[in-house]
2 protein chains.
Amino acid sequence: MSDTQTLAEKVCSELATAIVRGEIRPGERLSEKALVDRYGGSRAPMREAIQKLEARNLVVRIPHAGARVVSLSLEELRDIYEVRLELESMACRLAATRMSDDEIKDLEGLLEEHARSIEADQGLSYYQKSGNLDFHYRIIEGSKNNRLKQMLCGDLYHIIRMYRYQTSTNKQRPRQALKEHQRIVEAIAARDAELAELLMRRHIQVSLTNLESLLAQQEYLS
Amino acid sequence: MSDTQTLAEKVCSELATAIVRGEIRPGERLSEKALVDRYGGSRAPMREAIQKLEARNLVVRIPHAGARVVSLSLEELRDIYEVRLELESMACRLAATRMSDDEIKDLEGLLEEHARSIEADQGLSYYQKSGNLDFHYRIIEGSKNNRLKQMLCGDLYHIIRMYRYQTSTNKQRPRQALKEHQRIVEAIAARDAELAELLMRRHIQVSLTNLESLLAQQEYLS
DNA sequence: ATACAGAGTATTGTATACAATCTTAGTCGT
DNA sequence: ACGACTAAGATTGTATACAATACTCTGTAT
């Protein structure tokens, strides 16, 4: 069971990271021939890779006209954030009743690690990069709802990460974010689902609010 | 712009309805050759059709092993209902603030139609079939959130309709459901987002509660 | 009788070739 | 100068052929 991975899957995941990293820009075209030239193989696997990306909402395909990297308007981005806000709050509520004591212990340990990393003031970027995601990911895991997990991690997060430069709020408030994380975990440990949901909602709300103010500015211009 | 629809799309939508109607049963295999024999054409479009179905979560594909119609456990179904409950409640909350007065008027008209149809006691099945869906669809539309609409109508509803025999609750309570619909619309018309969300949540909750009791029974057996 | 191994078949993954559609550049007319 | 039409080129949709993998059935050994 070494490399049973299909070529289409490999190309798909490579393209996905390239898109998320911005190496391929929104609106840019993905021609099948160009992918053949770049990754080798034939058109069939490339086509399949593109379709997989379409399923992840990373590209838009128009019959006979080709595929383009998705290019979201601010309004579409607001829609996504709105849904994410709701689903992740829900996940937090469920996690408060469904996480095992051990999982909660682990989560507390993770936060302590983050705290140390911040105090050392050198893992700041670490905290930003994977730490924040890690925390949210564990909450989602804790919801014990696989469909929810699939929707949040599979569909929404790819796009959110792609446009993460919008979430400039989080950049210089790691301590504040950590505090909020801690209070969320406290609520979960207390099995207080309502409070946990509320705190998570507030925690994510800042990004959404920012986005909405951007939207408002944009409307002034038109 | 007559029949610019691609063969893969045609096969995909035909298969989708066949799956939702139960003509192709959960767990059944979808061989590419069989599809060629049934729908004509060659393997390439059939493959693409299957991939599209996978994107809709109607089939599961395993590399080198083929595709099967998705077969959900009760637990997976619970997950889906849980997410649907949350998202549709959210849609209702948003609709209360975002629907235009005209749209609300239309919605009230729709409910009056349903009422007549029920009193006549002949369109009972009509109410069940498209009427119920129509109501929920309009609320979702009213949320003005296209991503939310896509998730609910595109991904979740296909599967929910596929397993609708589970929602036996709704069968003999059209009057009750209509009442609930009316109160929801009243809340929307009053622009009371919180109440509208709460009422929708309760309205859908019965199905979820049923499912959970089924789950509980199942656990007794194991 | 059951479990395991292996060959053969069937099915999927990939490559290439052809047909249909769109895009683009250029020309013509107003 | 600008817009509509036309034709060449490029790209996608479809068909067919080959390669790689998985499934199945048979036979043997325990």
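Every chain is numbered from 1, with letters handed out A, B, ... down the list of sequences.
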Quick one: list whatever passes salt bridge (charged side-chain N to carboxylate O under 4.0 Å, His left out) with [X], sequence neighbours left out.
X	result
B:Arg138	none
B:Arg68	none
B:Glu32	B:Arg43, B:Arg47
A:Glu141	A:Lys149

Write down the distance between [atom1] ([X]) and [atom2] ([N]), rounded to a whole number of angstrom.
X	N	atom1	atom2	result
A:Lys10	C:dG13	NZ	P	16 Å
B:Glu54	C:dG13	CD	C1'	14 Å
B:Arg68	C:dT12	CZ	C1'	13 Å
B:Gln5	D:dT14	CD	P	10 Å

Taking the basic N atoms (NZ, or NE/NH1/NH2) and the acidic carboxylate oxygens, is any pair closer than 4.0 Å for A:Asp155 and A:Arg84? no

Ion pair present between B:Arg201 and B:Glu88, side-chain N to carboxylate O less than 4.0 angstrom? no

For residues 13-20 of chain B, dump all side-chain donor-acceptor pairs below 3.5 Å to protein atoms at least two apart in sequence or in another chain.
from: B:Ser13; atom 1: OG; to: B:Glu9; atom 2: O; distance (Å): 3.3
from: B:Ser13; atom 1: OG; to: B:Lys10; atom 2: O; distance (Å): 3.0
from: B:Thr17; atom 1: OG1; to: B:Glu14; atom 2: O; distance (Å): 2.9

Quick check against the 3.5 Å criterion: does B:Asp79 have a side-chain atom that pairs as donor or acceptor with the backbone of A:Asn145? no

Taking A:Ala67's backbone N and O only, do any of them form a donor-acceptor pair with A:Arg61's side chain (distance below 3.5 Å, no angle check)? no

Does the plane of the ring in B:His181 sit parallel, tilted or perpendicular to the ring in B:Phe135? Use 30° and 60° as the thresholds. parallel

Side-chain N or O of A:Thr6 closer than 4.0 Å to phosphate OP1/OP2 of C:dT12: no

Results of side-chain contact (heavy atoms from CB on, under 4.5 Å) for [X] - residues two or more places apart only:
X	value
B:Ala44	B:Ser42
A:Lys105	A:Glu108
B:Ser73	B:Glu75, B:Glu76

Distances for protein N or O near nucleotides 5-9 of chain C N or O, under 3.5 Å:
none

For the helix from C:dA1-D:dT30 to C:dT30-D:dA1, what is the angle between the axes at its two ends, each from 5 pairs, rounded to 10°? 30°

Nucleotide N/O to protein N/O under 3.5 Å, stretch nucleotides 5-11 of chain D:
from: D:dT11; atom 1: O3'; to: A:Arg29; atom 2: NH2; distance (Å): 3.3

Contact list for DNA chain D against residues 34-50 of chain B - heavy-atom distance below 4.0 Å: B:Gly41, B:Ser42, B:Arg43, B:Ala44, B:Pro45

